[in-house]
Amino acid sequence: MLALKESDTLIGNLSKEVELLRIRCKSIVSSIINSHDEALLIRLKKELDSLENRRQEIIRIASNIQKGNISDNLSIEFLIELCNR
């Protein structure tokens, strides 16, 4: 989990989380490619699905913030760009 500082923002925290999700997904894909253990493959694929669901959730949050004009549009666009990488 991310440690919060007083200066952190919602968009900033979500951007950090998306980057961590991306790094973990890369690691999982690499492990899937190199693994021959069926039980491990099942667990890795479930985790990958879970991470993808979280990424989709963050995209929905960012879209809702963008529609509500609640925050800096450039930051939200950056977050959405990170999600789509």
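Values below: all heavy atoms of this structure, side chains included; hydrogens, waters and symmetry mates excluded.
Leu40 places a side-chain heavy atom less than 4.5 Å from the side chain of Arg43. Here the side chains of Arg22 and Arg55 are not in contact, with every heavy-atom distance at 4.5 Å or above. Looking only at side-chain heavy atoms (C-beta outward), Leu79 and Cys83 come within less than 4.5 Å of each other.
Pairing each heavy atom of Ile76 with each of Ala62, the nearest pair is CG2-O, 3.4 Å.
Every side chain to side chain donor-acceptor pair (under 3.5 Å) that Gln56 has, sequence neighbours left out, goes to Glu52. Residues forming a side-chain contact (heavy atoms from CB on, under 4.5 Å) with Leu51 (at least two apart in sequence, or on another chain): Leu21, Arg24, Cys25, Ile28, Glu47. With sequence neighbours left out, Arg54 forms a salt bridge (charged side-chain N to carboxylate O under 4.0 Å, His left out) with Glu17, Glu57.
Connection of Val29 to Val18 is established within a shared hydrophobic cluster, with ILVMFWY side chains joined at heavy-atom distances below 4.5 Å, either directly or through further cluster members. Residues Leu48 and Ile33 share a hydrophobic cluster, clusters being chains of Ile/Leu/Val/Met/Phe/Trp/Tyr side chains in contact below 4.5 Å. In terms of hydrophobic clustering, with Ile, Leu, Val, Met, Phe, Trp and Tyr side chains grouped at heavy-atom distances under 4.5 Å, Phe78 and Leu14 are assigned to a common cluster.
Note that the CD1 atom of Ile11 and the CD atom of Glu77 stand 11.5 Å from one another [nearest 0.5 Å]. In this structure, CD1 in Ile65 is found 4.5 Å from CG in Leu10, a value given to the nearest 0.5 Å. The NZ atom of Lys26 lies 11.0 Å from the OG atom of Ser30; values are rounded to the nearest 0.5 Å. To the nearest 0.5 Å, atom OG of residue Ser31 and atom CG of residue Leu44 are 5.5 Å apart. Expressed to the nearest 0.5 Å, how far CD1 of Ile80 lies from OG of Ser75 amounts to 11.0 Å. The line from CG of Leu41 to OG of Ser35 is 4.0 Å long, rounded to the nearest 0.5 Å.
The backbone N or O of Ile59 lies less than 3.5 Å from a partner atom in the side chain of Ser63, making a donor-acceptor pair.
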Inset, instruction - List the steps, then state whether salt bridge (charged side-chain N to carboxylate O under 4.0 Å, His left out) holds for Lys16 with Glu19. - result: CA-CA 5 Å; Lys16 290 175 192 174; Glu19 183 61 18; over 6 Å; no
